[in-house]
Q: 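Take this structure, written in structure tokens, and hold onto it; I'll ask about it next.
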Amino acid sequence: MKILPATEENIRNAAELIRKGKLIAFPTETVYGLGANGLDPIAAASIFAAKARPAFNPLILHVTGAEMMAQICSQIPESVLKLMSRFSPGPVTYVLPKSESVPDIVTSGNPTVGVRIPAHPVALRLIELAGVPVAAPSANKFNKLSPTDAKHVAKQLHGEVDMILDGGMTTIGVESTIVTERMGKIVILRHGGVPKEEIEEFLGYTVSENTDSARPDSPGQLKYHYAPAIRIAFRDETDFNRINFSRAAALRFGKTGESDDKDFRLVRNLSVTGDLREASSNLFRFLHELENEDLEMIVADKIEPAGLGKAIMDRLTKAVNYYKLPADQK
Ligand code: TXA
Ligand code: MG
């Protein structure tokens with residue numbers, strides 16, 4: 001496994017590997033993806049194996065534009081075309097009726113396929129040179145932290161991937177917003193890089209959500225996910241008398257100077273000014289950093305679930321939920 005800078009030559013080699021059925025990690029504007037030829041069922045199977053991802057959780061396909069999208073979708077509804085005109089390329093994934101060319105393993109047997117046009121020059125060039133839709137989940141092990149940097153990919157998937165293209169830190173830092181269409185209306189299946197409010201403002205109506213983890217329409221929307229290797233809990237659910245401060249970190253958001261900041265061994269603030277874009281780009285980065293420290297616990301502030309705050313709270317809540325699971329279910 002090599003980490004290589006995302007030069008034209010290296011992207012060309014990565015595209016060649018994809019055409020040969022190999023696995024490549026590459027940067028997108030949201031998180032790093034673990035890519036393979038999305039039309040090759042054996043290559044897709046190796047993604048599931050590398051991530052230890054359950055077969056019921058479908059992959060999304062990355063394309064360069066509407067033309068490639070038409071190869072893998074049997075139909076693109078009007079409401080989706082409208083949304084695409086504003087948000088694609090970008091951090092939105094559309095769940096659409098699939099065409100026959102998409103292998104069942106990619107969609108976990110579903111009649112729909114998730115499709116995204118990433119807004120990242122390396123990702124776009126890679127797909128263009130590969131000449132096929134690129135299946136790519138986030139380049140992490142199942143249930144672990146998503147990667148926003150090439151070295152995060154190496155930490156988890158060392159030995160499982162044939163090449164890592166290094167394009168530096170991703171800018172958005174949380175995964176794409178997943179949407180679908182029902183009865184002519186857009187429905188959100190996962191909160192992500194484009195906030196619900198922005199979609200609603202553009203469409204002019206209230207968008208409903210189906211992000212319920214009890215009956216997920218998007219099978220990856222489990223109750224727990226994205227867990228750092230160190231226990232994480234919300235501040236307001238933590239008994240401060242039982243914290244071993246010398247081995248605990250605070251993950252904060254907004255104003256500085258909480259009176260107990262000095263007690264924690266480490267303090268990271270997602271955004272001192274309360275800027276949600278800054279906070280989302282720092283979220284996985286800080287969790288990866290803290291995971292590398294000799295700590296027992298991370299105590300996280302809750303963030304108001306509005307705008308990008310929804311996507312951030314979704315990830316934090318799932319990480320916290322993971323540590324509420326009984327030991328034999330982790
Ligand atoms: O930003 C992103 O979306 C990143 C980058 C690499 O593009 N990718 C990503 O992929 O987050 P992944 O596999 O980690 O999450 C994709 C989610 C999964 O939760 C999956 O269940 C859902 O998309 N999904 C994929 N295909 C679907 C389908 N046909 N119907 C419903 N949900 C689907
Ligand atoms: Mg993921």
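As the structure lists them, so they are numbered: ligands from 1, and atoms in each ligand from 1. These numbers come from a predicted model, not from an experiment.
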Q: Which of the numbered atoms in ligand 1 are below 4.0 angstrom from a heavy atom of Ser176?
A: 1 (O), 2 (C), 3 (O)

Q: Which bit of Arg116 is near ligand 1, meaning a heavy atom under 4.0 Å away: side chain, backbone, both or neither?
A: side chain

Q: Out of Val115, Leu189, Ile178, who is nearest to atom 23 (O) of ligand 1 when you count heavy atoms only?
A: Ile178

Q: Please enumerate all residues that pass salt bridge (Lys or Arg N to Asp or Glu O under 4.0 Å) together with Arg86, with sequence neighbours excluded.
A: Glu198

Q: Tyr94 versus Ile76: any side-chain heavy-atom pair under 4.5 Å?
A: no

Q: From the options His120, Arg190, Glu175, select the one whose nearest heavy atom is closest to atom 16 (C) of ligand 1.
A: Arg190

Q: Salt-bridge test for Glu209 and Lys196: reply yes if a basic N is under 4.0 Å from a carboxylate O, no otherwise.
A: yes

Q: If I apply the N/O under 3.5 Å rule, does Asn110 come out as touching ligand 1?
A: no

Q: Looking at ligand 1, is there an atom of it that comes within less than 4.0 Å of some heavy atom belonging to His62?
A: yes

Q: Do any nitrogen or oxygen atoms of Tyr32 lie less than 3.5 angstrom from nitrogen or oxygen atoms of ligand 1?
A: no

Q: Would Arg285 and Asp149 pass as an ion pair if we require N to O under 4.0 Å?
A: no

Q: Could you tell me which atoms of ligand 1, counted from 1 in the order shown, lie closer than 4.0 angstrom to a heavy atom of Thr112?
A: 28 (C), 29 (N), 30 (N)

Q: Have a look at ligand 1 and work out which part of Asn57, if any, has a heavy atom under 4.0 Å from it: side chain, backbone, both or neither.
A: side chain

Q: What is the total of protein N/O/S atoms that are closer to the Mg ion (ligand 2) than 2.8 Å?
A: 1

Q: If we only count heavy atoms from C-beta on, is the Val272 to Glu278 side-chain gap below 4.5 Å?
A: no

Q: Need the ligand 1 atom indices (1-based, order shown) with element for anything under 4.0 Å from a heavy-atom of Pro58.
A: 20 (C), 21 (O), 24 (N), 25 (C), 26 (N), 27 (C), 28 (C), 33 (C)

Q: Decide whether the shortest distance between a heavy atom of Ala136 and an atom of ligand 1 is less than 4.0 Å.
A: yes

Q: Below a 4.0 angstrom heavy-atom separation, can you tell me which part of Arg53, side chain or backbone, both or neither, approaches ligand 1?
A: side chain

Q: If you count the non-hydrogen atoms of other residues, nucleotides and ligands that lie under 6.0 Å from CD in Glu304, is the total more than 12?
A: no

Q: Taking only residues two or more places apart in sequence, or in another chain, which ones meet Lys144 in a salt bridge (Lys or Arg N to Asp or Glu O under 4.0 Å)?
A: none

Q: Are the charged groups of Asp261 and Arg252 less than 4.0 angstrom apart, N to O?
A: yes

Q: Looking at Ser138, which atoms of ligand 1 are within less than 4.0 Å of one of its heavy atoms?
A: 8 (N), 9 (C), 10 (O), 12 (P), 14 (O)

Q: Report, in ascending order of atom number, the atoms of ligand 1 lying under 4.0 Å from any heavy atom of Thr30.
A: 1 (O), 2 (C), 4 (C), 5 (C)

Q: Describe, in one word, how the ring planes of Phe245 and Phe240 are oriented to each other, choosing from parallel (under 30°), tilted (30 to 60°) and perpendicular (over 60°).
A: tilted

Q: Would you say the ring centroid of Tyr226 lies under 6.0 angstrom from that of Phe284?
A: yes

Q: Tell me the ring pair (Phe, Tyr, Trp, His ring centres under 6.0 Å) pairs involving residues 152-189, sequence neighbours left out?
A: His152-His288

Q: Thinking salt bridges, do Glu291 and Lys155 make one under a 4.0 Å N-O criterion?
A: yes

